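Everything quoted here is computed from the prediction, not taken from an experiment. Quick note: numbers below take in every heavy atom, side chains included, and nothing from hydrogens, waters or symmetry partners. Whatever order the structure lists ligands and atoms in, that order sets their numbers, starting from 1.
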Amino acid sequence: MLAAGPAFAQKKPVAERVDSVLALMTLEEKVGQMNQYNGFWNATGPAPAGGDAATKYTHLRNGWVGSVLNVQGVEEVRAMQKVAVEETRLGIPLIFACDVIHGYKTLSPIPLAEAASWDLEAIAQSARHAAEEATAYGLNWTFAPMVDIARDPRWGRIMEGAGEDPYLGSRIAEARVHGFQGDNLGDPTTMAACAKHFVGYGFSEAGRDYNTVDVSEYTLRNVIYPPFQAAKKAGVATFMNSFNTMNGIPATGNQALVEMLKVDWGFEGVLVSDWGSITEMQAHGYAENLKAAAELAALARCDIDMESLAYVQYLAALVREGRVSEDVVNDAVVRILTLKFHLGLMDDPYRYCQRPGSWEPTTSPWSADAQELAEKSAVLLKNNGILPLAKKQAIALVGPMAQEKNSPLGNWRVSSDDFTALSLYEGLVQVRGEKRMTVASGPVFLKGPISFPFEAEINTTDTSGLHAVIKAAREAEIAVLAVGEHGFHSGEARSRMSLHLPGLQEHMIREVLKVQEHVVLVLYAGRPMILPDDITEQVDAILLAWQPGTMGGPAMANLLMGKRSPSGRLPVTFPRSEGQIPLYYGAYNTGRPGPSDAVFWSHYGDGPNSPAYPFGYGLTYSTVTYTATQAKQMGDSIAVQALVKNEGKVAVDEVVQLYTRDHHSRVGVQPVRRLIGFQRLSLKPGEERMVNFSVTADELSVMTSEGERLFEPGTFSFWVAPHSAAGTPATFDWK
Ligand code: BGC
């Protein structure tokens with residue numbers, strides 16, 4: 001057995017050790033390292049006797065499987081690893097992968113919500129905790145972070161990313177990579193991360209998942225690539241191909257793209273296909289059969305085939321036929337084995353099986369931080385002074401999310417246990433006690449049981465239960481309506497045409513507003529949602545909870561009761577209407593920006609251009625004022641500043657944002673605003689702070705379509721502002 005044997009006990013440099021393993025491998029064993037299967041049998045039980053599982057089991061014992069995903073629990077991991085280590089000729093251990101997206105059992109808020117905290121340390125810590133928990137279950141590779149920029153809230157996977165902005169997205173990509181991987185991949189409490197989906201997946205046409213992507217080089221280089229480059233720079237161990245076509249070629253077979261990644265950017269890690277994305281090149285109309293798909297993927301330097309069974313069946317033959325060079329295979333295997341060495345698996349295949357634990361998600365070592373991040377992620381969209389709630393008020397807590405213990409966990413929770421979130425009701429009981437609180441969920445929200453692989457069917461007709469809600473609301477001093485979409489309404493394959501509250505909820509809110517003038521909405525969502533004007537105008541407050549994870553209940557209760565001021569800021573624009581999509585703050589001005597009295601300007605005839613809530617927006621329980629921005633030259637950079645003051649009586653965290661605009665650019669026109677910095681500060685009541693940023697030419701530079709970074713001197717505006725539609729700019733001529 002090679003893996004733990006004496007040949008590897010001596011610490012030669014990894015490259016040398018990899019070469020010495022490679023030299024021993026047959027072509028089939030090399031291809032085997034490039035083959036990845038979903039956990040295909042209960043590894044602690046008997047060997048599979050027939051069907052696909054038996055074939056895969058034979059492949060495993062032949063040494064034709066290099067990694068697996070979705071194997072759950074230390075005993076299963078250990079049992080499967082034992083087959084790889086003890087029963088294959090070379091005994092090369094497997095890597096165990098899983099989508100650990102925002103926690104393993106203890107769930108933080110969904111990634112889009114975490115992004116709303118703008119708190120890079122807390123986001124990194126959340127990824128670190130996810131790794132600590134997941135590695136205790138034997139795992140060592142997560143398919144996260146998703147770093148796709150997304151500007152279309154119809155796309156359900158917007159929940160998995162950091163929103164619409166390349167700068168914020170890049171900082172969060174770095175934070176998450178550092179969090180998952182730590183400083184040392186060999187530490188068995190860290191895991192390999194994966195920047196996905198390479199590339200353009202967030203730009204699927206019409207927001208429909210898996211759909212065509214067609215974007216310019218200019219947008220790719222200035223908007224879509226930056227978070228991937230940031231992840232690469234942060235040392236991310238792996239990348240994942242995306243499902244979509246990119247400008248006519250499926251990303252998994254796109255040689256030019258991967259040449260850029262592996263040659264121009266110098267990425268030395270592993271590139272894994274997405275699930276079945278090699279076989280899907282047939283349906284795309286790119287490969288005529290699976291063998292051709294294997295060839296195209298291999299030539300596009302996809303190192304691992306996840307569940308297409310293309311490499312394992314055809315790649316060795318393609319090499320023997322001279323259609324794919326063995327160098328291509330060797331290069332992939334070197335990358336994969338190097339990762340196995342870095343993870344420490346080649347020295348100890350069971351090193352992730354040493355500290356099995358079982359924790360209750362709500363009391364685990366990570367739950368307090370998960371709660372804190374849920375508190376920092378919630379965004380106060382409206383408040384006419386009704387929040388925080390008075391302690392002794394009689395509350396009617398109503399709506400489908402009031403007692404929900406499942407939906408707040410979101411959609412991407414492969415390994416967590418259903419119904420393990422603390423509900424808003426439980427949170428309020430914890431924080432304020434259950435006296436003077438009535439609770440009613442209202443009409444049934446979803447028909448039938450709900451689960452990851454099936455569409456969530458919504459009740460639109462059966463109003464029973466509405467009466468109880470109206471009665472509770474009428475008799476209380478205030479109604480807290482917990483509404484939104486279910487966790488399973490967003491995520492993979494969960495595209496939606498309507499972003500309105502699903503089912504009977506708008507009707508329910510309007511009925512409540514007829515009997516109760518004090519209404520607070522707590523909005524649960526995995527994406528930007530649309531609330532009709534009559535509702536936003538009449539309710540007193542709207543707190544966006546997102547899908548806040550395991551500890552969402554107490555987190556929202558703390559905010560509602562004023563134990564902490566909300567501080568989250570939108571990482572994505574909330575449109576007024578689906579017709580405005582894609583709507584994002586960093587748009588170009590157009591040649592006819594208007595407004596104008598005549599009709600010939602870039603606008604809609606039936607509604608405003610402006611969003612319901614702009615990027616960066618979010619209120620606190622205080623009033624924070626900003627002076628006009630000032631900008632002056634300081635050596636090689638520009639010093640930009642504004643005085644920020646907490647005018648109110650409550651301590652707050654304020655996310656101070658720095659935007660710029662380059663007024664004329666011959667490289668290509670520039671967005672009307674571009675985020676280039678931010679600081680999250682705590683301000684005591686009455687405290688004021690001069691917030692300073694130093695801006696370099698490099699930060700103002702842009703990418704040409706040909707991939708050159710250029711800075712053009714000229715006129716720039718700067719805003720130090722609370723969100724993307726506020727602030728008084730300073731204009732500066734950079735000569
Ligand atoms: C998703 C990936 C995920 C993979 C493995 C695919 O359907 O697109 O993001 O990592 O499945 O679970």
Counting only nitrogen or oxygen atoms and a 3.5 angstrom limit, does W275 reach ligand 1? no
Across all chains, not counting sequence neighbours, the salt bridge (Lys or Arg N to Asp or Glu O under 4.0 Å) partners of D119 are K376, R680
Contacts of T135 meeting side-chain hydrogen bond (donor to acceptor under 3.5 Å, both in side chains) (sequence neighbours excluded), chain-then-number -> R355
A student checking ligand 1 against H197 at a 4.0 Å heavy-atom cut-off should list atoms 2 (C), 8 (O), 9 (O)
Short version for M146: what comes under 4.0 Å of ligand 1, heavy atoms counted, is neither
* Asked: Within 45° of the six-membered ring axis of Y167 and under 6.0 Å from that ring's centre, is NZ or CZ of R171 located there?
  -> yes
| query | Is Y201 in polar range of ligand 1, meaning some N or O pair under 3.5 Å apart? | reply | no
| request: Would you verify whether the NZ or CZ of K105 falls within 45 degrees of the ring axis of Y137 while also being under 6.0 Å from that six-membered ring's centre? | output: yes
If the plane angle is over 60° it's perpendicular, under 30° parallel, otherwise tilted; pick one for F488 and H486. parallel
Tested for side-chain contact (heavy atoms from CB on, under 4.5 Å) against Q36, the lone hit among D303, D305, L69 is L69
query: How about Y584 and F615: are their ring centres within less than 6.0 Å of each other?
result: no
Note: E160, heavy atoms under 4.0 Å from ligand 1, region reported as neither
Near F243 (heavy-atom distance under 4.0 Å), the atoms of ligand 1 are 6 (C), 7 (O), 8 (O)
Checking heavy atoms under 4.0 Å, the part of L69 that sits near ligand 1 is side chain
query: Is D274 in polar range of ligand 1, meaning some N or O pair under 3.5 Å apart?
result: yes
Checking V328, V312, V329, V272 against M34 for side-chain contact (heavy atoms from CB on, under 4.5 Å), the one that qualifies is V329
When distances are taken from atom 7 (O) of ligand 1, the protein heavy atom at minimum range is E492 OE1, 2.8 Å
What class does the angle between the rings of Y37 and H59 fall in, given that below 30° is parallel, 30 to 60° is tilted and above 60° is perpendicular?
parallel
M240 heavy atoms within 4.0 Å reach ligand 1 at atoms 2 (C), 10 (O)
Is W412 close to ligand 1, meaning an N/O of one under 3.5 Å from an N/O of the other? no
shortest atom 10 (O) of ligand 1-to-protein heavy-atom contact is with D99 OD2, 2.6 Å
Ligand 1 to K196, heavy atom cutoff 4.0 Å, flagged ligand atoms 2 (C), 3 (C), 9 (O), 10 (O)
